[in-house]
Structures are given as structure tokens and as C-alpha cells.
Amino acid sequence: MEDPLILRAKAGSDEAFSRLVADNQQAVRAFLRRLCAVPDDADDLAQEAFVTAWSQLHKLRDGVSFRTFVCGIAYRKALNDRRRFARSAGRDTEWYGLQDQHLMSTADTRLTVQAALQTLPLDQRAALSLCVAADYSHSEAAVILSLPLGTIKSHIQKGRDKLNALLGVKS
Amino acid sequence: MSDDPLKALLMADPVAAVPAQDLSFVTEVMKRAEQRRLIEGLAWVALSFVCVTAVLFALMPYLTPVLTDIAPAFQPVVIVLTIVGLVFVALDQSQRYFKAYGFGL
């Protein structure tokens, strides 16, 4: 049975849709912030994804959560806009490389994590963001990324291996 | 607690930390949705106007003699029907907004 909030949103209720946005914005934005090097780009993309979801709510199938639906839209937008993301990643990696490394404390580990994530192809980065950082199941990630289940598992394994090597994490 | 060190690193990344409640984000999304609704509405109105104008332009050579031949008594009826039709269309389009403010039609 479909969520009554989604049913009301499909019927045109702005209040119901704003509740859906409020309930799911954290997960969607966190996913996108791991895809994009710049948080502002990620939040902008998240807003566009929610607006597109609003106009395409009729396409939301039974059994698919609203969060999964929006993340799928957001991922497709990220794919279409990957040139902008590549420029942002290059800018930040270049900035990071100019920093005096011995002055960087452990507090700057976040830049290392972000820089390491940006070295992964977008699909691997997305699979890791969903299944490792965010507890989505492999089948949910397959729906979001429109990829076969086997490909998702392969991306996660390859992404893990690369990140573990870059970050010095013992697997 | 998970013993996956990579998971712990990713989850601890403050760049991906987003507040659970963010009213400004929700407001911005709804604002963009309303803007898109307005633009789509205007696009439909413009398209309808162009189509009706094109149809009238094509039909006017045939309609004009008919209209001028209509007995003067029928002209008020035509005007009233036109006004009723326009009011009906306006009410139909506004129905959603009335519902949002609690007025059922």
C-alpha cells in the first residue's frame, strides 16, 4: 500500500510534498555531497532533483521509496552534468596539492577522504556512497543507479579496494 | 557499531554531514517548484492563445458572414455563453488554489 503522504503529494498537495522533501533531504544531500567536490553544487543539484521529482511524481512506482526515486533522478542529473563536476574536482585537487602538506593536521582528513572519493569514477563513487556510507541495500542501489546487481557489487568492491589503498585503510 | 573502517571514515566526513532539519532548503525547493509551475502555466496559456488565434484566423473568412447574418437577438446569447465559458475555465483552473485555502468547489 502506498504511503498516504505520497498519495496526497500525487494528488497535488504542496504541503505533503514539502513534508516529503523535509523527511528526505538529509539522505539525498549527503549522497550528492559525496558525488560532488563542492557542497554548494551538490545542494543545488539536490534542489533540482526534488523539483524534477515533483513534476514526475506520477512515475513513482509502488514499492519504490520516495528517497530511492529522488536519488535516481539526482544521479542521472549528475551523469548529465559530470563535466561541471570534473572541473570542480580538478580545482579542489589542485588546491589541495598546493597546500603545505606537513602543516596539515588530522583535522584535514576530510579533504583526503573527499579527494580520494573524487579519484573514483562517478558510478563507483555513487555505489560506495549508497551502500557503504548510507546503508542502502545492493538492490536499492541497483534501482537508483539503473545498473545490474552484479555491476553494483563489482563497483563497490573496486571502489573499496581503491579507497582503502588511497586512505591507508586496512581491509 | 560497524567494524568497517572505510564506512566509519565515510560517515565521519563532515562535508557530507547535512542537518536533519533544514527549513531553508525545503523553502528553496518549493519556491523552485512554484516557479516551474508558473512557467509551465504561462507556456500553456501562450500556446493556447497562439492556437486559438491561428484557428480563428483560418476560420474568419467563413465565420464573418455567419456572424453578421445572425439576428441581433442571438448576439446577447452568444456573448453570455462566451462569458460563462470563460468563467468556467477560470474556476476550473483555480480549483486547486481554492482547495489549498480550504474552499471546496
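Lettering of chains follows the sequences in order, A, B, ..., and the numbering in each one begins at 1.
- In terms of heavy-atom proximity, A/A46 sits nearest to B/F25 at CB-CZ, 3.8 Å.
- Looking at every heavy atom in both residues, A/R33 comes nearest to B/A17 through NH1-O, 3.3 Å.
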Stepwise side chain to side chain contact (heavy atoms under 4.5 Å, CB included) check, B/R37 with A/V51: CA-CA 10 Å; B/R37 184 184 289 150; A/V51 173; over 6 Å; no
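- Closest of all the heavy-atom pairs between A/Q47 and B/E28 is OE1-CG, 3.1 Å.
- Nearest heavy-atom pair, A/V132 versus B/K7, reported as atom, atom and distance to 0.1 Å: O-NZ, 2.9 Å.
- Only the side chain of A/L117 comes within less than 4.5 Å of a heavy atom in chain B; its backbone stays farther off.
- Looking at every heavy atom in both residues, A/R34 comes nearest to B/L10 through NH2-O, 3.4 Å.
- Between chain A and the residues B/E34, B/E40, B/M30, the most heavy-atom pairs under 4.5 angstrom are made by B/M30.
- Judged by distance alone, the side chain of A/E48 and the main-chain N or O of B/V29 form no donor-acceptor pair under 3.5 Å.
- Interatomic distance, CG of A/N164 versus CG of B/L9, reported as 9.0 Å (0.5 Å rounding).
- Residues A/V28 and A/L79 share a single hydrophobic cluster, defined by chaining ILVMFWY side chains whose heavy atoms lie under 4.5 Å apart.
- In this structure, chain B has no heavy atom under 4.5 Å from any part of A/S13.
- Pairing each heavy atom of A/R29 with each of B/D22, the nearest pair is NH1-OD2, 2.8 Å.
- The cluster map of Ile, Leu, Val, Met, Phe, Trp and Tyr, joined by side-chain heavy atoms under 4.5 Å apart, puts B/F49 and B/L86 in different clusters.
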